Amino acid sequence: MNLDTDRHRVLPGIVPDLDAIPADDTGGLEKSAARKELRRLLARLDELQVMMYAQGKHSLLVVLQAMDAGGKDSTIRAVFGPLNPQGVQVTGFKAPSSLELKHDYLWRVHDQCPPRGTIRVFNRSHYEDVLVVRVKSLVPEERWRRRYEQINDFERLVHDEGTTIVKLYLHITKDYQLERFRRRLARPDKHWKFNPNDLVERARWGDYRSAFEEALGRCSKMHAPWYVIPAERRWYRNLLVTRILVDTLEGLNMSYPKPDFDVEQIVLE
Ligand code: AMP
Ligand code: MG
């Protein structure tokens with residue numbers, strides 16, 4: 001299937017103009033063909049995860065960020081749900097606790113980075129420290145300004161020590177968010193996902209957009225790329241995300257570890 005993931009990658013140093021990127025892009029693909037391809041890719045991702053676990057050499061960190069109702073939870077369920085839970089863990093980052101606030105902002109993040117052989121998904125991440133923190137002025141500007149470089153240094157360290165990093169921004173429009181909020185309010189089983197405070201954040205959409213644009217532009221690196229994932233067509237979103245992860249893991253050229261015994265000499269009876 002002809003799927004160009006590269007055009008969704010943020011080139012290092014280039015600040016994206018999010019309003020100019022269609023959030024309902026489908027890459028010219030058909031939903032039914034995409035679904036079929038997704039099943040194939042999920043099976044491949046499963047194989048690659050088993051290999052990573054068996055080899056115990058590499059790890060994968062997937063950072064997921066989005067505006068509220070951007071689809072982080074449903075992406076996690078669709079893409080990582082089919083994998084063996086033994087090798088995958090999800091960490092959600094909420095507003096820091098009083099203990100976490102006594103440490104530097106990367107303390108709680110570093111602690112959650114994936115051990116070798118495993119995949120870790122960050123549902124929100126250290127990027128909140130240049131997003132919500134910036135928009136709501138939770139620390140003075142001179143502090144959050146320094147964080148782009150600190151984050152780049154941190155990710156460089158984590159990468160150099162054996163963790164592959166992929167960062168995904170699930171891209172939706174303000175209109176689409178309204179539609180999703182309406183659905184949440186129309187369904188009693190979705191009320192728990194709604195927080196009246198989400199409307200306060202929604203009112204600052206433009207500030208969040210600028211904060212995202214700067215974070216993506218300043219922190220997309222060859223070794224830790226940001227992708228802008230058009231997320232309004234969930235079947236395309238799932239396909240693209242899975243394809244990026246498969247390509248990334250295939251790039252590691254992993255193999256199953258060689259047995260330290262002679263298979264031919266083993267007698268089973
Ligand atoms: P949710 O993902 O809907 O459960 O919401 C988690 C909330 O935690 C969001 O409103 C985030 O903005 C907030 N949050 C996450 N990380 C931070 C942070 N470092 N500082 C302040 N708020 C944060
Ligand atoms: Mg929320």
Side-chain angles (χ1 to χ4, degrees), residues 18 61-81 89-113 120-155 158 167-174 176-216 218-219 226 229 231 234 237:
L18 290 175
L61 172 60
V62 182
V63 170
L64 270 180
Q65 289 283 168
M67 298 281 195
D68 286 319
K72 299 191 302 300
D73 296 337
S74 95
T75 303
I76 291 170
R77 180 196 280 262
V79 176
F80 301 97
Q89 213 175 305
V90 180
T91 301
F93 289 96
K94 308 276 182 190
S97 67
S98 56
L99 172 65
E100 286 164 349
L101 283 172
K102 286 181 186 159
H103 290 269
D104 70 81
Y105 66 99
L106 291 173
W107 177 71
R108 65 174 183 165
V109 177
H110 206 168
D111 183 56
Q112 294 298 316
C113 284
R120 187 70 59 108
V121 185
F122 282 180
N123 183 342
R124 302 184 189 271
S125 67
H126 45 299
Y127 283 92
E128 293 292 332
D129 294 285
V130 288
L131 293 167
V132 64
V133 167
R134 163 175 165 160
V135 171
K136 290 176 141 177
S137 301
L138 300 180
V139 305
E141 175 161 359
E142 73 252 27
R143 268 180 74 195
W144 62 252
R145 279 252 155 244
R146 287 198 294 264
R147 292 182 173 178
Y148 300 103
E149 278 317 301
Q150 292 166 347
I151 287 172
N152 287 336
D153 289 344
F154 168 69
E155 291 181 357
V158 170
K167 300 175 291 193
L168 307 169
Y169 168 66
L170 305 181
H171 179 43
I172 59 166
T173 58
K174 198 175 175 190
Y176 182 85
Q177 186 191 54
L178 188 65
E179 209 181 289
R180 301 309 297 180
F181 280 171
R182 281 212 181 98
R183 274 176 69 102
R184 280 185 184 179
L185 290 172
R187 286 182 53 176
D189 63 322
K190 296 282 181 190
H191 288 174
W192 67 275
K193 285 202 143 204
F194 189 80
N195 178 346
N197 192 51
D198 290 346
L199 298 179
V200 178
E201 309 302 327
R202 174 173 167 78
R204 311 207 56 179
W205 184 276
D207 294 337
Y208 274 100
R209 184 190 48 224
S210 308
F212 267 113
E213 286 173 347
E214 187 163 358
L216 301 179
R218 296 188 60 174
C219 302
W226 266 111
I229 307 293
R234 288 184 287 177
R237 174 200 71 189

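Just so you know, these numbers come straight off a predicted model, no measurement behind them. Each ligand, and each atom within it, is numbered from 1 in the order the structure gives.
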(request) Using non-hydrogen atoms of the residue, decide whether Glu100 is closer than 4.0 angstrom to ligand 1. (result) no

(message) Taking 4.0 Å as the limit for heavy-atom contacts, which would you say applies to Asn197 with ligand 1: side chain only, backbone only, both, or neither?
(response) neither

(request) Heavy-atom distances under 4.0 Å are what count here, so tell me which part of Lys94 touches ligand 1: side chain, backbone, both or neither. (result) both

Please list, in number order, the atoms of ligand 1 under 4.0 Å from a heavy atom of [X].
| X | answer |
| --- | --- |
| Asp129 | 19 (N) |
| Arg108 | 16 (N), 17 (C), 18 (C), 19 (N) |
| Phe93 | 15 (C), 16 (N) |

(message) Tell me if a side-chain donor or acceptor on Arg134 pairs with a main-chain N or O of Trp144 at a distance below 3.5 Å.
(response) no

(request) Please check if a non-hydrogen protein atom sits closer than 4.0 Å to atom 10 (O) of ligand 1. (result) no

(request) Please check if the distance between the ring centroids of Trp205 and Phe212 is under 6.0 Å. (result) no

(request) Could you check which of Val139, Val132, Leu101 puts a non-hydrogen atom nearest to atom 22 (N) of ligand 1? (result) Val132

(message) Would you say that Phe181 contacts Asp198 through its side chain, given a criterion of any heavy-atom pair below 4.5 Å between the two side chains?
(response) yes

(message) With heavy-atom distances below 4.5 Å as the criterion, would you say the side chains of Lys167 and Cys219 are in contact?
(response) yes

If we ignore angles and hydrogens, is there a donor and acceptor under 3.5 Å between the side chains of [X] and [Y]?
| X | Y | value |
| --- | --- | --- |
| Ser74 | Arg237 | yes |
| Gln177 | Arg202 | yes |
| Tyr105 | Gln150 | yes |

(message) What protein heavy atom lies closest to atom 18 (C) of ligand 1? Include the residue and the distance to one decimal.
(response) Pro96 CD, 3.4 Å

(message) I'd like to check whether Ala95 has a polar contact with ligand 1, where a contact means an N/O of the residue lying under 3.5 Å from an N/O of the ligand.
(response) yes

